[in-house]
Amino acid sequence: MSSKSVVTIERHIIEAERQFPEATGAFSSILYDVAFAAKMIAREVRRAGLADVLGYTGEVNVQGEEVKKLDEFAHEVIFKALDHTGHLCGMASEEVEDFISIPDRFPTGKYCVLFDPLDGSSNIEANVSVGTIFSIHRKVSDHPRGCVEDCLQPGYKQVAAGYVVYGSSTMLVYTTGNGVHGFTLEPSIGEFLLSHPNIRIPSPGQRIYSVNEGNYGKWFPGQQRLVDHLKGQDGGPQKPFSARYIGSLVADFHRNLLYGGMFMYPADAKSPNGKLRLLYEAAPLAMIAEHAGGRASDGTGPINQIMPRSLHQRTPLYIGTTEFVQMAEQFLAEDRTVEPEAVSIEAIAAGV
Ligand code: AHM
Ligand code: MG
């Protein structure tokens, strides 16, 4: 038997907490609760394809209970794992329009959690990996039981962030700013075990780009030139990048974190802020990327410097290997330096 010790996520969190003698344990407890919710969601995701086989054909299941869509189920599991603990002053979820208050019957605390309960859930019927993303902030408002201000904080203020990928195995990856650590769920004992300590994006790593290239025709010229360049269509780089796009952000990000590469969801003429959500998707993954030696940008600067104005704000996203993200920023900057076309007197007169 190997002499290597097995490190559960609980042990890992406790050992990290010991480095902060003033810690109350509240923060550690939130991380356990998120890991617990992830196990519940993993269990349900594994059974996703069985819904029809087991007779879950409509809104009501065989026990006469309402069958929830998996993303709603995931939202409820996370909410219920966290609502009663006394550690949170509120939550925000991609599934819910407004700030989520802690029910009056429970005490509140000094943190708030933002989450995308089941990202990529449109892929689930095809057995494609999906994920949960979470972000933890300290309470900053004067409101005794928290308010939306506690959630509307820039990413650099996150105290922790992480994600769970429900793939061929279930993995939870998180950072509190002291390295990025990955845990794989051992299903037979129901424990997350440390499998990927201190993850760093490999450098040099694989040359991968991940983007929905079906949108090429809608992209701005800088984005088109960037992808042409990655494919070697403009004469460089010498060896073209490989394209890998699952269409499930957590899974695409996770692969690029382990192998190297860049995920992009650009702005385009129709969606000037892209598709992805700043607070539930971009900011937490940006914290992970940065602490793994990578970079995350909206194409003009770091994601985690953006001051959010609303809970469901969207942002373009370029994330992964630092050099690739910087290259993207350079290509996109060229669009901004192009002189506006001279407008003729005739055109102005014609009201064009
Ligand atoms: P969702 O939050 O509705 O699941 O949408 C987010 C997902 C991401 O997982 C993925 O990167 C992206 O949408 C894919 O979008 P597209 O289908 O436009 O390529
Ligand atoms: Mg999402």
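Since this is a predicted model, take the numbers as computed values, not measurements. Computed over heavy atoms, backbone and side chain alike; hydrogens, waters and symmetry mates excluded. Both ligands and their constituent atoms are indexed starting at 1 by order of listing.
- Tested against Y318 for a side-chain hydrogen bond (donor to acceptor under 3.5 Å, both in side chains), the candidates R295, Q223, Q326, E329 yield a single pass: Q223.
- Close approach to D119 involves these atoms of ligand 1, each under 4.0 Å from a residue heavy atom: 1 (P), 2 (O), 4 (O), 6 (C), 8 (C), 9 (O).
- Note: H181 NE2 to T175 OG1 = 6.5 Å, rounded to the nearest 0.5 Å.
- Protein heavy atom nearest atom 12 (C) of ligand 1, with residue, atom name and distance: K275 NZ, 3.8 Å.
- Across I288 and A161, no two heavy atoms sit closer than the pair CD1-O, 3.5 Å.
- For ligand 1, one of its N or O atoms has an N or O atom of E94 under 3.5 Å away.
- Any N or O atom pair closer than 3.5 Å counts here, and N215 shares no such pair with ligand 1.
- By the 4.5 Å heavy-atom criterion applied to side chains, L285 and E281 are not counted as neighbours.
- Taking the six-membered ring where the residue is Trp, F79 and H75 present parallel rings, their angle staying beneath 30° rather than reaching 60°.
- Between G120 and ligand 1, at least one pair of N/O atoms sits closer than 3.5 Å.
- The aromatic rings of F241 and Y209 sit tilted relative to each other, their planes meeting at an angle between 30° and 60°.
- For ligand 1 and Y245, the ligand atoms under 4.0 Å from any heavy atom of the residue are 14 (C), 15 (O), 16 (P), 19 (O).
- A tilted orientation is assigned to the rings of F331 and H229, their planes being inclined by 30° to 60°.
- Close approach of ligand 1 to E281 (heavy-atom distance below 4.0 Å) involves ligand atoms 2 (O), 6 (C).
- Among all protein heavy atoms, the one lying closest to atom 18 (O) of ligand 1 is Y265 OH, 2.5 Å.
- Looking at K231 and D228, no side-chain N of the basic residue comes within less than 4.0 Å of a carboxylate O on the acidic one, giving no salt bridge.
- Taking the Mg ion (ligand 2) as the apex, the angle formed with OE1 of E94 and OD1 of D119 is 150°, to the nearest 10 degrees.
- Set against the non-hydrogen atoms of G247, the atoms of ligand 1 under 4.0 Å away are 9 (O), 10 (C), 14 (C).
- When the N, O or S atoms of D116 are ranked by distance to the Mg ion (ligand 2), OD2 comes first.
- Short contacts between ligand 1 and S248, defined as distances under 4.0 Å to a heavy atom of the residue, involve ligand atoms 9 (O).
- Of all the N, O or S atoms in E281, the one closest to the Mg ion (ligand 2) is OE2.
- Between L249 and ligand 1, at least one pair of N/O atoms sits closer than 3.5 Å.
- By the 30° and 60° cut-offs, the orientation of the rings of Y280 relative to H312 is tilted.
- Of all the atoms in ligand 1, the ones that sit under 4.0 Å from a non-hydrogen atom of N212 are 16 (P), 18 (O), 19 (O).
- Atom OH of Y245 sits in a crowded spot, with more than 12 heavy atoms from other residues, nucleotides or ligands closer than 6.0 Å.
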